[in-house]
Each structure stands twice: as C-alpha cells, then as structure tokens.
Protein chains: 2
Amino acid sequence: MKLDPRHLELLAAVVDHGGLTEGAAALGKSQPSVSRSLGQLEARIGAPLFQPGRRPLQATDLGLALAEQGRAVLKADRAASQIVALYRSGHAGLVRVGGTPVFMDGVIAGMIAEFQQACPDVRVDQSYGYADDLIEGLGNGTLDLAVVPLRPEKVPASLQFQPILPGLNVIACRVGHPLTRRKLVTPGDIAEFPWIAPPANSPLYADLRRALTDIGAEDFKISFSGGSLASVISVLTGSDSLTVLPYSVVFMMRPQKTVTALSLRIGHPDRNLGLLMAAGGPVPPATARLRSFVAARFEALARRIVAHQTNQLWR
Amino acid sequence: MKLDPRHLELLAAVVDHGGLTEGAAALGKSQPSVSRSLGQLEARIGAPLFQPGRRPLQATDLGLALAEQGRAVLKADRAASQIVALYRSGHAGLVRVGGTPVFMDGVIAGMIAEFQQACPDVRVDQSYGYADDLIEGLGNGTLDLAVVPLRPEKVPASLQFQPILPGLNVIACRVGHPLTRRKLVTPGDIAEFPWIAPPANSPLYADLRRALTDIGAEDFKISFSGGSLASVISVLTGSDSLTVLPYSVVFMMRPQKTVTALSLRIGHPDRNLGLLMAAGGPVPPATARLRSFVAARFEALARRIVAHQTNQLWR
DNA sequence: CGGACAACATAACCTGCTGTTATGAAACTG
DNA sequence: CAGTTTCATAACAGCAGGTTATGTTGTCCG
C-alpha cells in the first residue's frame, strides 16, 4: 500500500496540535479539507486513525504511529523549503567566477573571502581567463560571472557589462625602491631598472608595452616574465624591478607596505574593469548576490582611492 | 515556499536511479508524468534541478540537496506503509480482551503469552468481567473480544459467538488429597471436606451450588470464598479443601502436578465456553488474528483432553 | 560525420483529489 | 439544558497528475 505523504503531514499536524481545527489552521488549510483528506486516508487503510466519538479528536495507536512518520515528512519538507529559501535569497548555491589572473588574485579573491563570511553556504568556483575565454564561458553556461577589463563596445549583445573601475595602470615597485625617493620620476629614470612582464598574451602585457612606448622608453630589459601575481610580487619585493599593475591591485596591497607605485603618469588603457554576466535569462540568486557584493566593494574601493589621491602624489 | 513532498520523492527516485526513465519505473509511474511533475517543481522554485543538456539527467547541487530530503520523505512513507501492513495483517495493534476471571487466568493468559511470541507488536489489554459486562463492553466498543461461558441462545443479535469448549466442570483438589486415593468417590465422601467458593456473583458459584445439590450434598461448609484463581489454587494446594473449576483449567494445570480432579461426575452447566465478538462491522485484524489463534489453541486443547480421557478415570 | 538509438520533453485528454463556503450533527462546557 | 465548540457533509470549481502518442535532442558508434 502506497500512501500519500501529504496525508501523513496532515495527520501529524492534527495530532500535534490537538485537534483537527487547529491542525488545519496550522497548515493554512480549511478545516473541511483536512477532515475529508484524513477520512480518505482512513478509508484507504481501512482502519480508524482516531478514536470515535471524542470531540477534541484523539488518535488511535495506529494514528499515533503514522503521525510519527508524518512528522518526519514535515521535517524533511521544511528542510527542503529552507534549502530553497537559502538558494533563492542567494545565501546558498554555486557561483562560477572567472577573471583575469591579476585582478582575481589581487582584488577579487579577498572580496570573495569577505563575501563568504556572510554567505558561507555559497560555493565559489574560481577560474582564470582573458576576455575571450570569459565571454565564451558566459555564453555556454560554464561561467556565471566574469571580472574583466573590457571596452564597453566590445561587450556581446547576449551579455551585460557593469563597469566598476576605470582601467588605470601604474608602474609598481617595492617599497624602498630607489625611485620612490624621487619627487618626480622621469622616463629616463626608469630605463635603468629591469622589468617584470606579465604573460605575453595578457592585456596587461599590451598595456605595459604601450605605456612604456608612450613615455618614450624605447628599450627596456625584461628580467622576469609570466607567473601569477604572487610570483610577480615576490620578485618585485626581492629586487629593484619594475612592472605595470592595475592601480586597484597596488592600492589593495597598501596595508602590507611591500609594494608601491611610482609618481609617473602613464597612459590609461581605454577599458573599464567591470562585471560581465549573461543577460536575458534568470540570474541565479547567489550570482546576483555576489555580483552586487563585489560591485559594492568596488564602489567603496573607488571612494577610498579618491580620498587617498587627494593626499598623495600618485597620478 | 511550501513544496509538495511527493515532488521530493520523485526527485530522490530520479537522482538515485540515475535517470528519469528508470526513476519513473522504480516508482511505478510513467516517464512523462515524472518529467512534467519535476518540471513543475523546477518552475515553482525557479531554479534548475538538473544540469541542462545532459542526457542521463544529472542533478545540480540544489537538486542533490533536495533529493536528500526526498529520501527522508520516501523513508518515512515506506515506514508508514510498513506500519499499516503490520496492522492490516494483524501483526500490530491493540486487542482488548475481556473474560471471566478463572478462564482468563487459568487458560487465556497463557495463550496470549504464546500469541505474543509470534506477534510481539500486538498489545493486549486484558480485563475481567462476567457475561453481562462483557456483552456491554463489546456493544459500546470498549472491548474487542470476550472469552465467556454462555448459552448460545443468550447471544445478542449484534454479536457473534464461537463456541470452543463444552462447559464442563469438575471437583478439584490438591494432588495427594485423601479422596484421590479412592477409586470411586461418593457424594457422601465429599461432605467431610471444606469448600472454596468462587465469588458469589460468578457463574461458577452457581455451578458449584447446583453441582452439589445435584449430587445430594445438601450442606457443605465454605472455608474460603472470593479471590482470584491464584488465591484459590494457593488455598487448594495448601489444604484438603475442594472446589469446582472448569475442566479445562484443571487440565491446563496438569504439568504443575499441584491440582487434580476427583473421579466424581457432576452436572454439566448447559453453556459453552466461547469467543464473543462484535458482528457486522469490520473486525480489527489483530483481533481477528488473536481470535483465530485462541480458537486454534482450544481446538488442540480439546483433542488433548479427548486423548487424555481415553486413558483416565475422570468423568 | 552521420545515422541509429536512447532519453527526455511535449501534447491532449481524462480522472480524481484538494480547496473553497455553507451548513448540519455531535460532543463538551458551565 | 442551552450554548459553544468541534467535526462531518454537501456542492462545486480548479488544478495537478495519470495515461498514451509523438516530437526533440543528446549520445554512441561505425
């Protein structure tokens, strides 16, 4: 005999609330509905669930035993509802975030850590890639969110782009680097020092080349290339090398007092760092929540940068 | 959000059977039914339960989490079905048995003990009473089964009576009683000994009076009266008293070798020991099972009595 | 690469359950 | 014993689930 789990729920509610009327009320149903459904259950199993002729309806042994199972059903149902609620509010789920390596390591990973303090049940799968990879990932559904520097006109129609910071690069070096003692750094000064280059296929590498040619530094020697942000920072702090990094990344590292930026304005790439998401379809709530969290953090970051710039020489 | 526990069951089955088709088969439903129901669940919660475009349907994290709860629902449902199955087969439930004290203590209680070896989940509530009480109890639903000596014509129309033994009484005494050495006991012999009388309102007491007057024992002295069978047996075995007991009760006590019957025929009451049950309505399965068990044991008892009588002097 | 197969989705229809309100019967209360 | 509470019944509307038949789409394999 297969019986309807909803009937067991009804039974449990009625037994636990000490009456049909109150049980029905607790379930948000009308009293006749519950009465009839339980009558049907009773007819199905061919045995009385309630002692006949008692006005505050009282269960038989069989009724109590089945109500026990009904409680289990109710518990599971509530747990399921809770899971769904967490998911729908974005407090649970999976977000697959992709981004350019330097931003991910230097800025986003820290924000994700903060985010997971508030939403520990959101799993974040992080991956690295450049614009094309990320756009493809978002297109075929293997990625939920991308953090990528992009020219707004290069955004495909099927995606939406939310700019969060202007693409501002600086020349970075270790704290205590000889050039940091100069009030003003000239293009000629930097020619002496070796350079750390980002991976050759990265946009940052193109930025570096452009920045250096812009300021007239025709030839420069590359002492280290490739590697993730951690490697770059290690080499940077262990030598007098220079490199090009996004302003935000250097800014985020201020507290460590290991890396700083030279007082030398370089050309800005005409891109914005932004958040890229699929448009049109429904957005998974956890993705939406992480997106707005990151956006808010960047907004705060932008304000801190502005406040900082009013007291600093950096340009 | 309240979601249907049946949907969770479907989800669990599909996840656990590795596919929609097999899951549907395992539930005894058609594949389109399950497909549509799960689609509905998905629409309700507004989130994908399955990874899109995978042919052996594969659940998302959310789907797996909900399937977990579905398993709990399935488990409770199966447990409930099991409870009902036990009840319906008479292997679980409650039987309220009433009967005359001497029969209950001397014969029925032992049979109930045997019955509960086979059906440990059947609870038996035993009570004592005489014919009128028992009939009333059966009538108003406070009793399921009565074991009572009754004249068949006195059975109310709303009840059914199943005779199981002729109402046969004997004069009982302790093993080793002086009268047991006599080959033949005469009415005169028994006049010397004191009598133990059952409670004055019991049918057995009437039997005793009638038996004694039948055999011409006009005056007899009563040394002990009232008390349950245990008291009677204690007094009987501790003295040379005599009493009247149903044959079956004395017969059941043979193994203890404490009580026996005199070789003196006394009048038989025109009643049958039988099982009394409500007629018409549906019989609780546990009651039916206990009834048939007791009836079978009495049948066996009757055969043993017949076999014994061919080798004994008792009449 | 393309065809065969399997797995899932959709369509159309019907049955049955659940929900509602209104109302009646029965039991508990003082 | 009357009032009140509690449950059962009636009548009806609507939806969800069951079915079979039939598309559509991954997957597998030569």
Side-chain angles (χ1 to χ4, degrees), chain A residues 1-60 63 67 70 73-74 77 80 140-142 281, chain B residues 1-60 63 67 70 73-74 77 140-142:
Chain A
M1 157 131 326
K2 177 79 174 68
L3 22 86
D4 192 327
R6 292 176 303 172
H7 288 169
L8 298 179
E9 286 187 339
L10 295 183
L11 180 58
V14 168
V15 167
D16 291 348
H17 288 82
L20 195 153
T21 305
E22 299 183 25
L27 292 169
K29 301 183 190 299
S30 70
Q31 170 264 321
S33 178
V34 175
S35 173
R36 185 153 42 94
S37 294
L38 284 180
Q40 195 164 309
L41 175 59
E42 225 169 14
R44 254 187 226 284
I45 71 182
L49 295 172
F50 295 96
Q51 298 171 20
R54 309 295 289 271
R55 242 331 126 80
L57 221 47
Q58 198 155 356
T60 61
V73 174
L74 264 176
D77 205 344
N140 65 22
T142 60
Chain B
M1 156 129 329
K2 178 79 174 69
L3 24 85
D4 192 328
R6 291 176 302 174
H7 288 169
L8 298 179
E9 286 187 341
L10 295 183
L11 181 59
V14 168
V15 167
D16 291 347
H17 288 82
L20 195 152
T21 305
E22 300 184 25
L27 292 170
K29 300 184 189 303
S30 69
Q31 171 264 321
S33 178
V34 176
S35 173
R36 189 156 40 112
S37 294
L38 283 181
Q40 195 164 309
L41 175 59
E42 226 169 14
R44 252 188 228 285
I45 70 182
L49 296 172
F50 295 96
Q51 297 171 19
R54 308 298 289 272
R55 241 328 125 80
L57 221 48
Q58 198 154 355
T60 61
V73 174
L74 265 176
D77 205 344
N140 65 24
T142 60

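Only a predicted model underlies this, so the values are computations on that prediction, with no experimental measurement involved. By convention in this document, chain letters (A, B, ...) are assigned in the order of the sequence lines, proteins followed by strands, and residues within each chain are numbered from 1.
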Run the side-chain donor-acceptor check on residues 47-59 of chain B: report pairs under 3.5 Å with partners two or more places apart or on a different chain.
unit_1: Gln51(B); atom_1: OE1; unit_2: Arg54(B); atom_2: NH1; d: 3.0
unit_1: Gln51(B); atom_1: NE2; unit_2: Ala59(B); atom_2: O; d: 3.3

Taking the side chain as everything from C-beta on, heavy atoms only, tell me whether Leu8(B) gets closer than 4.5 Å to Asp4(B). no
CZ of Arg44(A) to CE of Met1(A), rounded to nearest 0.5 Å, is 7.5 Å
From the 5' end of DNA chain D to its 3' end, which nucleotides mark the outer limits of contact with chain A, defined by a 4.0 Å heavy-atom distance cut-off (strictly under)? dT6(D) to dA11(D)
So what is the end-to-end bend of the helix from dC1(C)-dG30(D) to dG30(C)-dC1(D), with 5 pairs used at each end and the value given to 10 degrees? 50°
Results of salt bridge (charged side-chain N to carboxylate O under 4.0 Å, His left out) for Lys2(A) - residues two or more places apart only: Glu9(B), Asp77(B)
Between [X] and [Y], which heavy-atom pair has the shortest distance, and what is it?
{"X": "Ala24(A)", "Y": "Ser30(A)", "value": "CB-O, 3.8 Å"}
{"X": "Gly63(A)", "Y": "Leu11(A)", "value": "O-CD2, 3.4 Å"}
{"X": "Ala26(A)", "Y": "His17(A)", "value": "CB-NE2, 3.3 Å"}
{"X": "Gly70(B)", "Y": "Ala12(B)", "value": "C-CB, 3.6 Å"}

Could you list all the side-chain hydrogen bond (donor to acceptor under 3.5 Å, both in side chains) pairs where at least one residue sits in residues 31-41 of chain A, not counting sequence neighbours? none
Between His7(A) and dT18(C), is there a side-chain N or O to OP1/OP2 distance below 4.0 Å? yes
Please report, rounded to the nearest Å, how far the P atom of dC28(C) is from the CD atom of Gln58(A). 10 Å
If the condition is side-chain hydrogen bond (donor to acceptor under 3.5 Å, both in side chains), which residues does Thr142(A) pass it with, not counting sequence neighbours? Asn140(A)
Quick test of your reading: applying salt bridge (Lys or Arg N to Asp or Glu O under 4.0 Å), list the pairs with at least one residue in residues 17-33 of chain A, sequence neighbours left out, ordered by first then second residue. none
Selection residues 10-21 of chain B - residue pairs positive for salt bridge (Lys or Arg N to Asp or Glu O under 4.0 Å), sequence neighbours left out: Asp16(B)-Arg71(B)
Sorted by number, the residues of residues 8-28 of chain B with heavy-atom contact under 4.0 Å to DNA chain C: Gly19(B), Leu20(B), Thr21(B)
If you take any heavy atom closer than 4.0 Å to DNA chain C, which residues from residues 35-51 of chain A end up in contact? Arg36(A), Ser37(A), Gln40(A), Arg44(A)
Polar atoms only, N or O, under 3.5 Å: list the protein pairs with nucleotides 21-27 of chain C and their distances.
unit_1: dA26(C); atom_1: N3; unit_2: Arg55(A); atom_2: NH1; d: 2.7

